[in-house]
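Atoms considered below: every heavy atom in the structure, side chains included; atoms not considered: hydrogens, waters and symmetry mates. Note that the structure is predicted; figures quoted are calculated from it, not measured.
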Amino acid sequence: MAIGDEGESAGDRIRVLDPGAADEVALVATRMRDTLIEVLGDETGRAMYTMDWLVARVLWHLDASRCTGQVFLAERADGRVAGHTIVRIELDERGQRFGLFATTYVAPASRKAGLAIALLAHGEAWMRAHGLTEAATFTDTFNTKLQKLYIGRGYVMSDAGGGFVRLAKGL
């Protein structure tokens with residue numbers, strides 16, 4: 001799907017990750033680690049998870065027998081994967097279903113081009129298609145870039161405890 005209405009050239013698009021594309025699965029896993037490094041610093045970000053665990057986590061989101069989830073890729077007109085978002089159905093403390101953005105990342109060189117907004121829009125559409133009425137994400141209190149992105153799209157921030165915030169909105 002072209003995303004020219006999100007500020008990109010008509011050749012940019014959001015697409016689903018093919019679980020058989022090992023190089024793209026590895027890229028998403030690497031960028032999950034990059035997110036941790038960017039927010040928490042190099043030492044802490046690298047120490048949190050092994051690359052094997054991160055790859056397995058990407059694939060877990062794509063295994064319908066274990067999770068109802070999806071991985072969307074933002075692909076530039078030249079074919080480069082510039083970002084991703086991972087979504088899934090989650091249960092809150094009351095047992096109510098909601099859509100969770102597990103991670104959202106756009107490579108620094110491709111930021112400020114609307115790709116993150118396009119990824120959020122696709123994730124929200126996926127959530128609505130699954131009958132969900134709320135979308136949310138959790139992030140570190142210091143992740144002000146992600147907070148600004150979500151708040152700019154109508155999400156409301158609340159304290160989630162333990163140094164985390166929850167950003168949520170109705171769909």
Side-chain angles (χ1 to χ4, degrees), residues 1-18 21 23-46 48-49 51 54-55 57-58 61 69-88 98-129 132 134-160 163-171:
M1 171 183 289
I3 51 179
D5 60 336
E6 297 293 346
E8 280 71 34
S9 67
D12 293 338
R13 67 184 181 133
I14 303 295
R15 66 175 173 85
V16 172
L17 171 66
D18 173 2
D23 58 332
E24 290 182 350
V25 170
L27 178 63
V28 170
T30 298
R31 288 179 171 172
M32 288 168 70
R33 174 171 280 165
D34 290 345
T35 298
L36 295 168
I37 291 168
E38 190 173 316
V39 175
L40 303 173
D42 190 64
E43 186 175 338
T44 302
R46 287 186 192 282
M48 286 190 78
Y49 304 105
M51 283 306 299
L54 291 166
V55 166
R57 192 65 172 170
V58 173
H61 282 91
Q70 191 58 264
V71 180
F72 293 104
L73 302 179
E75 187 176 72
R76 301 309 310 250
D78 64 6
R80 288 179 298 122
V81 175
H84 73 270
T85 197
I86 300 175
V87 296
R88 70 174 180 261
F98 70 97
L100 178 71
F101 282 94
T103 181
T104 301
Y105 179 85
V106 174
S110 294
R111 292 181 183 167
K112 305 280 187 209
L115 292 174
I117 292 169
L119 286 164
L120 288 183
H122 274 71
E124 290 171 356
W126 180 91
M127 292 171 190
R128 282 190 297 277
L132 303 172
E134 182 183 48
T137 193
F138 294 87
T139 192
D140 191 277
T141 57
F142 297 111
N143 194 351
T144 56
K145 290 178 185 176
L146 191 75
Q147 293 167 22
K148 181 179 176 184
L149 169 67
Y150 278 79
I151 290 168
R153 302 296 298 163
Y155 287 71
V156 175
M157 186 166 59
S158 61
D159 184 13
F164 288 90
V165 296
R166 183 178 195 264
L167 296 137
K169 80 171 190 178
L171 295 173

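Under the salt bridge (Lys or Arg N to Asp or Glu O under 4.0 Å) criterion, Arg111 pairs with Glu38, sequence neighbours left out. The side chain to side chain donor-acceptor pair (under 3.5 Å) test applied to Lys169 returns Glu124, not counting sequence neighbours. Take Ala26 and apply the side-chain contact (heavy atoms from CB on, under 4.5 Å) test, not counting sequence neighbours, and it matches no residue. Under the side-chain contact (heavy atoms from CB on, under 4.5 Å) criterion, Val16 pairs with Gln70, Phe72, sequence neighbours left out. When the side chain to side chain donor-acceptor pair (under 3.5 Å) test is applied to Arg88, the partners found at least two apart in sequence or on another chain are His61, Glu90. Residues satisfying the ring-ring contact (aromatic ring centres under 6.0 Å, His included) test with Phe164, not counting sequence neighbours, are none. Looking at residues two or more places apart in sequence or on another chain, you find a side chain to side chain donor-acceptor pair (under 3.5 Å) between Asp42 and Arg46. Residues meeting the side-chain contact (heavy atoms from CB on, under 4.5 Å) test with Val39, sequence neighbours left out: Asp140, Asn143. Applying the side-chain contact (heavy atoms from CB on, under 4.5 Å) rule to Val81 yields the partners Arg15, Glu24, Leu27, Arg31, Leu73; only residues at least two apart in sequence or on another chain are considered.
Between Ala116 and Leu149, the shortest heavy-atom distance links the atoms CB-CD2, 3.7 Å.
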Would Met127 and Glu134 count as a side-chain contact (heavy atoms from CB on, under 4.5 Å) here? Give the steps. CA-CA 8 Å; Met127 292 171 190; Glu134 182 183 48; over 6 Å; no

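Judged as a side chain to side chain donor-acceptor pair (under 3.5 Å), the pairs with a partner in residues 100-110 (not counting sequence neighbours) are, in order, Thr85-Thr104, Thr104-Tyr150.
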